[in-house]
Amino acid sequence: KERFLDEQRKSANDQEAQILKEKLEYRRRRANVIEAHVIASMYLTLCVNTDGKVKSTPIQNDKYNIYNNGFNTCVSWSDEFPISLLVEGYENIVGINAEDGSLFFTKTRDNEIKHFPWYEMKKWKNIDTFRSVGYGLYCGLTRDGTVVVAGKIDPSKYSGQDQVEGIDSIIKIVGLYCGRLLLLRNDNTLAATAFTGDKDGNQWDEMSKWKNIIDTYHASKRVIGIQKGGTLISTSFSEEEPNKTGWKEASAWTDIVQIRKLKSGRYIGLTAYGRVLITQKRDDAEIDDSAYDIVETWDNIVKIYIQNGYIAGLKLDGKVVHTEYIGAPEDAKPLAMDTQLWSDVVALSFGYHHTVAVKTDGTFRATNAPDKDHGQTYVHHLNTLFHNYDTVIEEYDNMVRTAQQTAKRKEEMNKQASERAEAERKRAEADRKLKAEKAEPLIIEKNHLLVEQSKLSGLFAGKRRKEIQARLAEIDVELKKLG
């Protein structure tokens with residue numbers, strides 16, 4: 001009887017844990033979708049509504065009003081065409097046209113489009129998402145899972161990162177590591193561009209064998225893959241000792257859905273069941289971040305955020321928790337204590353001077369560092385974002401599903417084209433062999449006749465010479481037919 005009761009309790013606990021896991025996964029996906037449509041910039045807050053309209057807070061400080069002409073261009077864009085996504089760059093914002101997937105760029109205070117190879121990128125179409133991978137290289141992921149690249153890395157160091165032809169079925173741009181552009185395929189494996197630099201380690205040889213990858217993270221000189229089931233796999237780009245970085249401890253974690261690395265070298269991970277893990281503090285660490293140990297007491301965490309000097313967590317009940325500040329300058333402390341009073345929060349966006357929260361009813365809340373409010377917290381009129389979160393996620397899922405189906409159809413079409421080409425090659429090869437078999441005796445006969453013709457002489461050889469010439473003409477006609 002006791003054994004039966006224990007099994008019942010264990011079964012009930014397993015069911016509760018699974019329900020919690022599913023709730024957290026749903027909320028995490030919802031947060032990711034919403035956060036992709038909100039930008040907490042240096043001096044203002046921007047959001048993209050589900051109808052493709054862009055709204056922006058006004059800049060209240062005349063000193064920074066020079067940014068209005070550029071950034072507020074995003075608002076005028078959405079009067080002409082729907083915007084699917086905004087991506088913040090240095091002094092610029094990139095907008096993606098929801099209709100044809102083309103890119104648009106704001107101008108800076110100098111009335112120029114800076115830092116982007118604009119003349120290459122304006123030719124792009126069907127872009128789903130866009131990002132800078134560093135070192136002057138910009139990547140766009142298209143709706144059919146292919147990748148386009150613009151810009152160049154110093155060719156004296158590396159080259160080949162723009163050679164993306166033939167790489168498809170991509171769902172995520174991982175980044176630029178060790179001279180290669182790494183990409184995540186929809187079959188949960190990694191793809192990479194060719195490497196033509198002066199040196200290359202065996203890192204790609206390792207990563208090319210990774211399987212079941214659902215997400216990736218770049219931690220300093222290490223690329224980490226999160227596998228199905230929450231196990232971790234990684235490769236390092238240096239001779240660092242795992243014990244000195246905390247990786248040896250983190251590599252044993254399971255059920256991980258999110259992992260980050262702190263400045264002190266410690267790793268922090270979020271499990272599928274809402275618990276937060278953190279590796280032990282090193283005795284020789286230059287930064288004393290023992291105050292971060294409090295994260296291990298948190299529970300029901302949807303998502304963690306590593307910011308300048310603190311760690312924040314979004315809880316399942318819509319509340320926000322955060323650690324103490326460590327080593328952050330006073331003007332970089334936008335998460336004021338009033339966030340502890342926030343409720344019903346579904347997503348967070350962090351700027352240098354302010355933090356923005358989106359609530360379940362579509363309204364916004366914001367808090368800022370002291371004396372650093374330039375209008376970016378005037379979010380009361382941004383309250384039209386996302387009224388139906390289930391619809392947003394359903395539309396997002398449909399978009400992902402469509403992209404995957406398109407990529408699968410393209411893959412099948414490529415496979416069928418390859419099979420047709422192979423069948424055609426085999427048919428042509430068989431046809432060539434057949435013709436060669438038919439041509440071989442004719443060529444032998446022709447050579448014999450030519451030899452015989454060269455030996456003919458005398459008055460009585462004329463008849464035979466005519467017969468040979470007639471037969472040679474017939475052979476030439478037959479050989480010509482055989483190609």
Side-chain angles (χ1 to χ4, degrees), residues 24 28 31-32 35 134 174-175 177-178 182 203 206-207 210 213-227 229-316 319-330 332-335 339-340 348 350 352 355:
L24 290 168
R28 187 161 45 252
N32 289 338
E35 287 164 8
V174 178
Y177 309 115
C178 201
L182 298 185
Q203 291 88 356
E206 296 177 24
M207 289 187 288
W210 288 4
I213 302 299
I214 59 174
D215 202 359
T216 55
Y217 173 65
H218 176 227
S220 183
K221 297 180 180 179
R222 181 181 296 277
V223 173
I224 300 173
I226 302 178
Q227 297 177 301
T231 55
L232 302 175
I233 189 171
S234 84
T235 187
S236 175
F237 294 97
S238 74
E239 300 298 326
E240 62 181 354
E241 290 290 337
N243 291 339
K244 292 184 178 180
T245 63
W247 172 246
K248 185 175 181 180
E249 182 182 350
S251 63
W253 292 345
T254 58
D255 298 317
I256 298 299
V257 294
Q258 192 181 359
I259 186 167
R260 294 291 183 267
K261 186 178 182 181
L262 305 176
K263 289 182 179 180
S264 62
R266 304 172 75 185
Y267 285 90
I268 180 171
L270 175 65
T271 74
Y273 301 98
R275 299 305 301 265
V276 182
L277 307 176
I278 188 168
T279 55
Q280 293 182 2
K281 175 180 168 293
R282 291 183 1 229
D283 294 334
D284 61 344
E286 296 180 2
I287 302 174
D288 181 10
D289 58 2
S290 55
Y292 291 161
D293 293 343
I294 193 175
V295 298
E296 292 189 303
T297 66
W298 296 352
D299 59 5
N300 295 336
I301 299 298
V302 173
K303 191 175 179 181
I304 53 174
Y305 305 82
I306 312 301
Q307 296 304 312
N308 188 11
Y310 65 95
I311 302 169
L314 175 61
K315 298 196 67 173
L316 187 61
K319 293 181 179 179
V320 179
V321 292
H322 65 85
T323 65
E324 296 179 13
Y325 290 89
I326 298 176
E330 203 57 40
K333 296 182 178 181
L335 196 66
T339 60
Q340 303 281 8
L348 293 168
F350 294 84
Y352 189 77
T355 298

From CA spacing to verdict: side chain to side chain contact (heavy atoms under 4.5 Å, CB included), Lys261, Trp247
CA-CA 9 Å; Lys261 186 178 182 181; Trp247 172 246; over 6 Å; no

Side chain proximity check, Arg275 to Asp299, heavy atoms < 4.5 angstrom
yes

Could you check Lys303 against Leu348 for side chain to side chain contact (heavy atoms under 4.5 Å, CB included), going step by step and ending with a plain yes or no?
CA-CA 10 Å; Lys303 191 175 179 181; Leu348 293 168; over 6 Å; no

Considering residues, nucleotides and ligands other than [X], do more than 12 of their heavy atoms fall under 6.0 Å from its [atom1]?
X: Glu324; atom1: CD; result: no
X: Ile294; atom1: CD1; result: no
X: Lys281; atom1: NZ; result: yes

Which pairs, with at least one residue in residues 288-307 and sequence neighbours excluded, count as a ring pair (Phe, Tyr, Trp, His ring centres under 6.0 Å)?
Tyr305-Phe350

Supply the atom-to-atom distance [X] [atom1] to [Y] [atom2], rounded to the nearest 0.5 angstrom.
X: Ile259; Y: Ile224; atom1: CD1; atom2: CD1; result: 4.0 Å
X: Ile306; Y: Arg260; atom1: CD1; atom2: CZ; result: 7.5 Å
X: Ile268; Y: Leu277; atom1: CD1; atom2: CG; result: 8.5 Å
X: Met207; Y: Ile233; atom1: CE; atom2: CD1; result: 10.5 Å
X: Leu182; Y: Thr216; atom1: CG; atom2: OG1; result: 8.0 Å
X: Gln258; Y: Ile226; atom1: CD; atom2: CD1; result: 7.5 Å

List the steps and the verdict of side chain to side chain contact (heavy atoms under 4.5 Å, CB included) for Ile301 and Lys315.
CA-CA 4 Å; Ile301 299 298; Lys315 298 196 67 173; 3.7 Å; yes

Minimum-distance pair of heavy atoms, taken over all atoms of [X] and [Y]:
X: Trp253; Y: Thr279; answer: CZ2-CG2, 3.6 Å
X: Arg28; Y: Leu270; answer: NH1-CD2, 4.2 Å
X: Thr355; Y: Tyr310; answer: OG1-OH, 4.1 Å
X: Val223; Y: His218; answer: CG2-CD2, 4.2 Å
X: Ala250; Y: Tyr267; answer: CB-CB, 3.9 Å
X: Ser234; Y: Arg222; answer: OG-NH1, 2.7 Å

Results of salt bridge (Lys or Arg N to Asp or Glu O under 4.0 Å) for Asp255 - residues two or more places apart only
none

Trace of the side chain to side chain contact (heavy atoms under 4.5 Å, CB included) decision for Gln307 with His322
CA-CA 10 Å; Gln307 296 304 312; His322 65 85; over 6 Å; no

Partners passing side-chain contact (heavy atoms from CB on, under 4.5 Å) against Leu316 (at least two apart in sequence or in another chain):
Leu20, Lys23, Leu24, Arg27, Asn300, Val302

N/O donor-acceptor pair under 3.5 Å between Arg266 side chain and Asp289 backbone
yes

Using only atom types and a distance under 3.5 Å, with no angle test, would you say the side chain of Thr231 pairs donor to acceptor with the backbone of Gln227?
no

